[in-house]
Novice: 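Got a structure here, written out as structure tokens. Questions coming.
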Amino acid sequence: RRVVAPSEDTAARFRRQLPGLTVEVVPHEVFLAAGRPPARSTSGVARIALLGAIGTHKGYRVLLDCARDAFRRKLRLEFVVVGFTEDDVRAARAGIFVTGPYSDGDLGALLHREQPSAVFLASVWPETWSYALSHAIRSGLPIVAFDIGAIAERLRAEGTGTLLPLGLSPALINDRLMQLCS
């Protein structure tokens with residue numbers, strides 16, 4: 001009877017595939033209040049958090065490449081996955097700390113424990129909504145993401161976040177992360 005999409009980006013993708021289709025945009029959430037961010041680490045190292053289950057489409061390869069670049073250039077930058085990855089052993093070998101699976105109710109405590117400087121949503125495909133973004137907004141932390149899909153749309157609507165071009169090199173991503181956290 002009706003076609004519903006959670007974001008205008010998703011609705012536009014439907015319309016491109018099915019011209020003339022009427023798509024109603026109904027966000028999963030209407031308003032998110034930013035909370036008080038957790039204390040930042042006093043170590044002088046920029047700690048970047050990625051939230052959730054980080055697979056290939058969520059930027060796993062980008063994360064590995066960024067961690068390797070940070071190590072190679074001896075940057076004061078480290079990555080923590082609050083959640084898990086498609087290959088936690090390989091992530092750990094690249095110097096990425098992985099907390100393991102969590103329930104939504106534990107996320108705030110995990111972020112306070114890990115003391116990140118920012119959240120990086122490294123998704124390389126056009127998300128239709130992103131609950132990880134909802135959690136990131138609620139955290140009050142600075143957010144970095146690629147300029148694609150509902151994540152970019154929502155960050156623009158919230159008037160927050162730093163959007164990077166999709167396909168940016170790991171070195172340039174890390175440089176932006178370091179600038180944001182300095």
Side-chain angles (χ1 to χ4, degrees), residues 1-38 48-63 65-66 79-86 99 101-112 114 116-170 172-173 176-177 179-181:
R1 287 185 242 161
R2 70 186 237 217
V3 177
V4 176
S7 65
E8 183 55 46
D9 180 81
T10 305
R13 290 172 192 281
F14 285 153
R15 289 184 202 115
R16 277 195 300 275
Q17 296 302 313
L18 301 163
L21 181 68
T22 301
V23 182
E24 182 182 352
V25 176
V26 180
H28 291 311
E29 301 158 301
V30 177
F31 174 75
L32 300 173
R36 185 168 172 251
I48 308 302
L50 290 87
L51 309 178
I54 310 302
T56 302
H57 63 295
K58 300 284 187 170
Y60 179 74
R61 289 189 182 103
V62 171
L63 171 61
D65 290 344
C66 285
F79 297 89
V80 57
V81 173
V82 180
F84 59 95
T85 72
E86 67 183 49
T99 67
Y102 63 87
S103 63
D104 285 349
D106 297 333
L107 185 56
L110 285 168
L111 287 172
H112 280 277
E114 297 306 323
S117 307
V119 174
F120 181 28
L121 300 171
S123 189
V124 295
W125 77 308
E127 299 273 354
T128 59
W129 183 254
S130 181
Y131 285 106
L133 174 57
S134 299
H135 290 298
I137 291 169
R138 283 187 197 106
S139 77
L141 289 163
I143 302 166
V144 178
F146 291 117
D147 192 358
I148 185 172
I151 291 175
E153 177 184 326
R154 291 180 61 204
L155 286 172
R156 281 190 182 92
E158 295 279 339
T160 191
T162 299
L163 294 173
L164 305 176
L166 185 62
L168 199 62
S169 73
L172 290 176
I173 292 169
R176 292 297 305 273
L177 291 170
Q179 289 169 353
L180 179 69
C181 296

Novice: Quick one, I48 and P116 - any side-chain contact, counting heavy atoms below 4.5 Å?
Specialist: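 No. Closest side-chain heavy atoms not under 4.5 Å.
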
Novice: What's the verdict on side chain to side chain contact (heavy atoms under 4.5 Å, CB included) for L166 and D147, showing C-alpha distance, side-chain angles and the deciding distance?
Specialist: CA-CA 6 Å; L166 185 62; D147 192 358; over 6 Å; no

Novice: For residues L111 and A49, report the shortest heavy-atom separation together with the two atoms involved.
Specialist: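 Heavy atoms of L111 and A49 come nearest at CD2-CB, 4.4 Å.
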
Novice: Does some side-chain heavy atom of C66 sit less than 4.5 Å from a side-chain heavy atom of P170?
Specialist: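 Yes; the side chains approach each other to less than 4.5 Å.
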
Novice: Could you give me the CA-CA distance, side-chain angles and deciding distance for L121 and L155, then say whether side chain to side chain contact (heavy atoms under 4.5 Å, CB included) is met?
Specialist: CA-CA 11 Å; L121 300 171; L155 286 172; 5.5 Å; no

Novice: Tell me, do R2 and T22 make a side-chain contact under 4.5 Å, heavy atoms counted?
Specialist: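 They are not in contact (no side-chain heavy atoms under 4.5 Å apart), so the answer is no.
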
Novice: Using modelled atom types only, decide if a donor and an acceptor are shared between the side chain of E86 and the backbone of T56 within a distance under 3.5 Å.
Specialist: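 Present.
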
Novice: Using a 6.0 Å cut-off, check whether atom CD of E24 has over 12 heavy atoms from anything other than its own residue.
Specialist: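 Enclosed: over 12 neighbouring heavy atoms sit under 6.0 Å from CD of E24.
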
Novice: Show, in sequence, the C-alpha distance, side-chain angles and deciding distance for I54 and F84, and conclude whether the side chain to side chain contact (heavy atoms under 4.5 Å, CB included) test is met.
Specialist: CA-CA 6 Å; I54 310 302; F84 59 95; over 6 Å; no

Novice: Under 4.5 Å between any side-chain heavy atoms of I173 and V62, yes or no?
Specialist: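 The answer is yes, as the side chains (C-beta and beyond) meet within the 4.5 Å cut-off.
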
Novice: Within the distance-only criterion (no hydrogens, no angle test), does the side chain of T99 pair as donor or acceptor with the backbone N or O of L110 below 3.5 angstrom?
Specialist: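 No.
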
Novice: Please verify the inter-ring angle class for F120 with F146; under 30° counts as parallel, over 60° as perpendicular, anything in between as tilted.
Specialist: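 F120 and F146: perpendicular rings.
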
Novice: Is the shortest side-chain heavy-atom distance between V80 and L50 below 4.5 Å?
Specialist: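 Not in contact.
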
Novice: Taking all atoms of both residues into account, what is the closest heavy-atom pair of S7 and V25, and its distance?
Specialist: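 What the structure gives for the nearest pair is C-CG1, 3.8 Å.
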
Novice: Return the OG1 to NE2 distance between T128 and H28, rounded to the nearest 0.5 Å.
Specialist: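 Nearest 0.5 Å value for the OG1-NE2 distance: 5.5 Å.
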
Novice: Looking at every heavy atom in both G52 and V81, which two are closest together, and how far apart are they?
Specialist: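 Looks like O-CG1, 4.0 Å.
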
Novice: So do L133 and I143 actually touch side chain to side chain, heavy atoms under 4.5 Å?
Specialist: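 Yes, side chains in contact.
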
Novice: Just so I know, are the side chains of S123 and I151 near enough to count as touching, which here means a heavy-atom distance under 4.5 Å?
Specialist: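 In contact.
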
Novice: Under 4.0 Å between a side-chain nitrogen and a carboxylate oxygen: does that hold for R13 and D9?
Specialist: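 D9 and R13: salt-bridged.
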
Novice: Hey, what do you get for OG1 (T162) to CD (Q179), rounding to the nearest 0.5 Å?
Specialist: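 Output value for this atom pair is 9.5 Å.
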
Novice: Is it true that E8 and R15 make a salt bridge, defined as a side-chain N closer than 4.0 Å to a carboxylate O?
Specialist: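 Yes, charged N to carboxylate O under 4.0 Å.
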
Novice: Are there over 12 heavy-atom neighbours, none belonging to R176, within less than 6.0 Å of that residue's CZ?
Specialist: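 Count not over threshold, so no.
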
Novice: Quick one: closest heavy-atom pair of F14 and L21, and the distance?
Specialist: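 That would be CB-CD2, 4.1 Å.
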
Novice: Got a second to check how far Y60's OH is from D65's CG, nearest 0.5 Å?
Specialist: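 Atom-to-atom, Y60:OH and D65:CG are 10.5 Å apart.
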
Novice: Measuring from Y131:OH to L51:CG, what's the distance to the nearest 0.5 Å?
Specialist: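 Those atoms lie 15.5 Å apart.
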
Novice: Quick one: are V82 and Y102 in side-chain contact, heavy atoms under 4.5 Å?
Specialist: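 SC-SC contact between V82 and Y102 confirmed.
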
Novice: Test your reading of the model: is there a side-chain donor-acceptor pair from R154 to the backbone of S130, 3.5 Å cut-off?
Specialist: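 Yes, the answer is positive, given that a donor and an acceptor are paired below the 3.5 Å cut-off.
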
Novice: Restricting to non-hydrogen atoms, name the atom on S117 and the atom on C181 that form the minimum distance, rounded to 0.1 Å.
Specialist: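 Nearest pair, atom of S117 first, then C181: CB-SG, 3.5 Å.
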
